[in-house]
Asks: 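Supplied in structure tokens, the structure appears directly below.
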Amino acid sequence: MSDKTASEKLQKVLARAGLGSRREMEEWISGGRVTVDGKPATLGDRVSPNQQVRVDGHPVQIASEEQQICRVLAYHKPEGEICSRTDPEGRPTVFSRLPNIKGARWIAIGRLDINTSGLLLFTTDGELANRLMHPKFEVEREYAVRVFGEINDAMIQRLRTGVELEDGKANFKKIKALPGEGINRWFHVVLTEGRNREVRRMWESQGAVVSRLIRVRYGDLLLPKHLPAGGYAEYPLDEVNYLRKLVSLAPEVATLVKPEDRDERRRRMASMKRAVRKHQIAEKSPERKPKERKSVEKTDANKTATRQKPAPVRGKPQRQPTGKKPSREGRG
């Protein structure tokens, strides 16, 4: 192995390449999916930029921290999409809409369940994703939640102080009721962790049911108002460095985001809305193309039948019989 000053831990290099979090990379290494210079890698290995690293036989481009540009996307997740790269049931995934990138891949910072919409962040930096998801950094997530049921002050107080769930005690750091009456009411709640279905389970512990759930904020980053459901926008350098500072990472010095004026942004948003609509139409009508093929085949058959009609006899055109007697004028 090379000198430690010129090498880094293998899982850190793989995470920075955008393949996943450090924890996931450690599992891949332990599972024998990673090789270094043609030999199976082991936990604790360190690699330098001149070594050849492969995952599942595919080469991985090794870049130093200085060479790798940290990118972050805001995605407006609609209901009905899952946060996995593929789904055996064929359901749409959040990754299907994201832009393609070379030498890296998008990593979801946390998850939203299939029935939850709102702000979902993606990054190319596995270390940033890992830290933002770690409970010790206590990054705030704010949700707008519509609750069905009779809610009283005692319930609200219990949700603030903590309720027991299957995986331990949980509480809302903040909870605010929005104006309104009845058994369908809106609240804004804040958490500093991202356990599975935590918001829903907390309300269910009080006998209430969540009928709508939208993530509206992650840290200080709000869900962009101009972003359509199914749309995305890349954060400029200031917002990227805000997230990095939040979890004690060195600031990024470069960005691929180009400055744009108001008209350029409007054109980009209009183009994105059209792309989102096309994507939705394509998902709802998968059998459209076969129908078109059938209609084409039918048209071709009609053309063939037309071609097979007997050609008319040249010469004086013959009058077609009408079944009527000729008029007086016609008899002469």
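One-based numbering along the sequence shown. All of these numbers come straight from a predicted model, not from anything done at the bench.
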Asks: Remaining members of Ile183's ILVMFWY cluster at a side-chain heavy-atom cut-off under 4.5 Å?
Replies: Phe148
Asks: Charged N to carboxylate O under 4.0 angstrom, Glu166 versus Arg201?
Replies: yes
Asks: What residues, two or more places apart in sequence or in another chain, satisfy salt bridge (charged side-chain N to carboxylate O under 4.0 Å, His left out) together with Asp113?
Replies: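 For Asp113, the residues satisfying salt bridge (charged side-chain N to carboxylate O under 4.0 Å, His left out) (neighbours in sequence not counted) are Arg200.
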Asks: For residues 24-37, which residue pairs pass the salt bridge (charged side-chain N to carboxylate O under 4.0 Å, His left out) check, not counting sequence neighbours?
Replies: Arg33-Asp56
Asks: For Glu164, what residues pass the salt bridge (charged side-chain N to carboxylate O under 4.0 Å, His left out) criterion, not counting sequence neighbours?
Replies: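 Not a single residue meets the salt bridge (charged side-chain N to carboxylate O under 4.0 Å, His left out) criterion with Glu164.
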Asks: With sequence neighbours left out, write down each residue that passes ring-ring contact (aromatic ring centres under 6.0 Å, His included) with Phe95, or none if nothing qualifies.
Replies: Phe122
Asks: Could I get the full list of salt bridge (charged side-chain N to carboxylate O under 4.0 Å, His left out) partners for Lys173, not counting sequence neighbours?
Replies: Glu140
Asks: Which pairs, with at least one residue in residues 187-198 and sequence neighbours excluded, count as a salt bridge (charged side-chain N to carboxylate O under 4.0 Å, His left out)?
Replies: Asp167-Arg195, Glu193-Arg195, Arg195-Glu198, Arg197-Glu204
Asks: How about CZ on Arg54, more than 12 heavy atoms from neighbouring residues, nucleotides or ligands closer than 6.0 Å, or not?
Replies: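 Yes, enclosed.
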Asks: Can you list, by chain and residue number, the hydrophobic cluster partners of Val72 when the side-chain cut-off is 4.5 Å?
Replies: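 In the cluster with Val72 are Ile109, Leu119, Leu121, Leu128, Leu132, Met133, Phe137, Val139, Tyr218, Leu221, Leu223, Tyr235, Val240, Tyr242, Leu243, Leu246, Val247, Leu249.
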Asks: How would you list, by chain and number, every residue that makes a side-chain contact (heavy atoms from CB on, under 4.5 Å) with Thr42, sequence neighbours excluded?
Replies: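 For Thr42 the side-chain contact (heavy atoms from CB on, under 4.5 Å) partners, ignoring immediate neighbours, are Asp45.
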Asks: My understanding is that only residues two or more places apart in sequence, or in another chain, count here; which of them pass salt bridge (charged side-chain N to carboxylate O under 4.0 Å, His left out) with Arg22?
Replies: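 With neighbours one apart ignored, the set is Glu127.
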Asks: For Leu237, which fellow cluster members are found when Ile, Leu, Val, Met, Phe, Trp and Tyr are connected by side-chain heavy-atom distances below 4.5 angstrom, either directly or through intermediates?
Replies: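 Result for Leu237 is none, singleton.
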Asks: Tell me, which pairs form a ring pair (Phe, Tyr, Trp, His ring centres under 6.0 Å) where one or both residues lie in residues 173-194, sequence neighbours left out?
Replies: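 Only Phe187-Trp203 qualify under ring pair (Phe, Tyr, Trp, His ring centres under 6.0 Å).
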